[in-house]
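The next block holds one structure in the form of structure tokens; read it before the comments.
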Amino acid sequence: MIPARPVLATLVVGSNWAASLNGDSRGLQSGEDRERFLALRNSAAVGAIVVGARTAEVEPYQKTPHPLFIYQRSLGVTPAQFIRHAQEQVSGSILCEGGVQFIHSLLRENVIDVFHLTRVSKAGDNHFLDIDLVRTHLALIQSEQINTSTFEKYERASR
């Protein structure tokens, strides 16, 4: 059962599981991916967006529709503790847009309840997703192909 205020995560990867191309994710995004990403990000159910420090440095986070929390290892807390802190500050779900390292940490700590993964046909060049780690912690519940993008939704079965 997914909790009432789930921790959501979203990521786009290339055909080779890389999450970046030329330093960020924009080169991998398709029109369909961008549309779904913005719909999720702008959802009234989302209370805050959480990203890792590296993602905040390379992606455009000047404007967000929700409060933005930036995780840094130097804070001295785990990503799971940081997420719990963010949950205490806002109502609604937490959307993690993080980079691969941040997503991997959240997976290892069993924090992610719902993971939206988009796979596009072009290959990326860096920051590779460990799909086995995803499949160890989450189950694929939905997959849809639109043009050259595959949209996968993974969920954790129980808390």
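One is the number of the first residue; the rest follow in order along the sequence. Predicted model only: the values in this text are computed from it and were never measured.
The backbone N or O of Asn110 sits less than 3.5 Å from a side-chain atom of Arg156, completing a donor-acceptor pair. A donor-acceptor contact shorter than 3.5 Å links the side chain of Gln81 to the backbone of Thr78. Judged by distance alone, with hydrogens and angles left aside, the side-chain atoms of Thr55 form no donor-acceptor pair with the main-chain N or O of Val51 at under 3.5 Å. A donor-acceptor distance shorter than 3.5 angstrom exists from the side chain of Tyr71 to the backbone of Val77, with no hydrogens or angles considered. In this structure a side-chain-to-backbone donor-acceptor pair under 3.5 Å is missing from Asn126 to Ser20.
Residues Pro65 and Ile49 share a closest heavy-atom pair of CD-CD1, 4.2 Å. Residues Val100 and Ala19 share a closest heavy-atom pair of CG2-CB, 3.3 Å. Minimum interatomic distance between Gly23 and Asp125 (heavy atoms only, all atoms of both residues): N-OD1, 4.5 Å. Heavy atoms only, all atoms of each residue included: Phe82 and Val50 are closest at CE2-CG1, 3.8 Å. Closest non-hydrogen pair, Ile83 versus Phe102, comes out as CD1-CZ, 4.5 Å. Heavy-atom minimum distance, Gly92 versus Arg5: O-NE, 3.5 Å.
The structure places CD of Glu32 at 4.5 Å from CG of Asn147, a figure rounded to the nearest 0.5 Å.
Other members of the hydrophobic cluster containing Leu28, listed by chain and number, are Val12, Leu21, Val120; membership follows side-chain contacts under 4.5 Å among ILVMFWY residues, whether direct or relayed.
Side-chain contact between Ile112 and Leu8 is absent, with no heavy atoms from C-beta onward closer than 4.5 Å. The shortest side-chain heavy-atom distance between Tyr154 and His116 does not fall under the 4.5 Å cut-off.
Partners of Arg36 by salt bridge (Lys or Arg N to Asp or Glu O under 4.0 Å), not counting sequence neighbours, listed by chain and number: Glu144.
When Thr150, Thr148, Thr118 are each tested for a side-chain hydrogen bond (donor to acceptor under 3.5 Å, both in side chains) with Asp33, only one passes: Thr118.
A donor-acceptor contact under 3.5 angstrom links the side chains of Ser149 and Ser30, judged on distance only. With no hydrogens or angles considered, no side-chain donor-acceptor pair links His104 and Asp130 at under 3.5 Å.
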Donor-acceptor pairs under 3.5 Å, side chain of residues 37-47 to any protein atom, not counting sequence neighbours: which ones?
residue : atom : partner : partner atom : Å
Arg41   : NE   : Glu97   : OE2          : 2.9
Arg41   : NH2  : Glu97   : OE1          : 2.9
Asn42   : ND2  : Leu38   : O            : 3.0
Ser43   : OG   : Ala45   : N            : 3.1

